[in-house]
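Heads up: the structure comes next, in structure tokens.
Keep in mind it's a predicted model, so treat the numbers as computed, not measured.
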Amino acid sequence: EIEQVNWNQEWESNFTPIEVDGTCLVRAPFHDEGNLEYEIVIMPKMSFGTGHHETTFMMLQYILENEFQDKTVLVMGCGTAVLAILSEMRGAKSLDAIDIDDWCYENALENINVNSCENISVYHGDASLLDDKKYDVIIANINRNILLQDMEEYKNSLNQGGELYLSGFYVEDLPIIRDACTKLGLTFVDNKERNRWVAAKFVA
């Protein structure tokens, strides 16, 4: 037998805000407001994407470092929609966020509403939804096998000169990801590494 515990309170006490490069704060509704340029409120529930994981953190860094003003953006495997939300805050004019998981779809809608986003459309599904759509930026933080499986779809959905940001794989997987992108005519720009996890940028 174990003592009765308020597990919701226990979870909240262990969920800490995340600060990215002194510019972006990702917090839950029960945290105090910060004083950074970008502040995202996330109620993660059962969805992936609070900024605590290395891949989400690096993707947030990429969004902060690159130009998103007036761009069309796709976020694959959107989870909590944290990456889509920051992209809109950075000036993206139209965004599609897609996730195959029911929880993520519902949670993304909730977080978009909490952050008063106006330009994000959320879809429940996978890369099969991308037929005939084109974007200036595609962000995919999933896993190596899904990235490799859907890479051609991403390439076909990128405008000329568009940017592709990939994460969800380990440092030893980077050569495999780079090779797959190169074969499709994408050019490797650079990558980030955090505790053996990698995020990489490519251009069409």
Pairing of Arg196 and Glu172 as salt bridge, 4.0 angstrom limit: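 Judged by the 4.0 Å cut-off on N to carboxylate O distance, Arg196 and Glu172 do form a salt bridge.
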
Thinking salt bridges, do Lys71 and Glu163 make one under a 4.0 Å N-O criterion?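 Salt bridge: yes.
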
Ser94/Asn119 under side chain to side chain donor-acceptor pair (under 3.5 Å): CA gap, chis, key distance, verdict: CA-CA 5 Å; Ser94 175; Asn119 304 323; over 6 Å; no

Under 3.5 Å donor-acceptor, [X] side chain and [Y] backbone:
{"X": "Asn115", "Y": "Ile40", "value": "no"}
{"X": "Asn113", "Y": "Leu109", "value": "no"}
{"X": "Asn111", "Y": "Thr80", "value": "yes"}

Scan side-chain atoms only and decide if His124 and Asp102 contain a donor-acceptor pair under the 3.5 Å cut-off. yes

When you compare the side chains of Asn107 and Glu110, does any donor N or O come within less than 3.5 Å of an acceptor on the partner?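 A donor-acceptor contact under 3.5 Å links the two side chains.
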
Run the side chain to side chain contact (heavy atoms under 4.5 Å, CB included) check on Ile120 and Ile85 step by step: do they pass? CA-CA 8 Å; Ile120 303 172; Ile85 292 167; 4.2 Å; yes

Would you check if Ser87 and Ile139 make a side-chain contact, meaning some heavy-atom pair closer than 4.5 Å? yes

Pairs touching residues 121-150 that satisfy salt bridge (Lys or Arg N to Asp or Glu O under 4.0 Å), sequence neighbours left out: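 Listed by first then second residue: Asp96-Lys133, Arg144-Asp173.
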
Pairs in or reaching into residues 29-40: which pass salt bridge (Lys or Arg N to Asp or Glu O under 4.0 Å), with residues at least two apart or in two chains? Arg27-Glu39

Side-chain donor/acceptor pairs under 3.5 Å, residues 182-194, sequence neighbours excluded:
| residue | atom | partner | partner atom | Å |
| --- | --- | --- | --- | --- |
| Thr182 | OG1 | Arg178 | O | 2.8 |
| Lys183 | NZ | Asp179 | OD2 | 3.2 |
| Asp190 | OD1 | Tyr62 | OH | 2.6 |
| Lys192 | NZ | Glu65 | OE1 | 2.9 |
| Lys192 | NZ | Glu65 | OE2 | 2.9 |

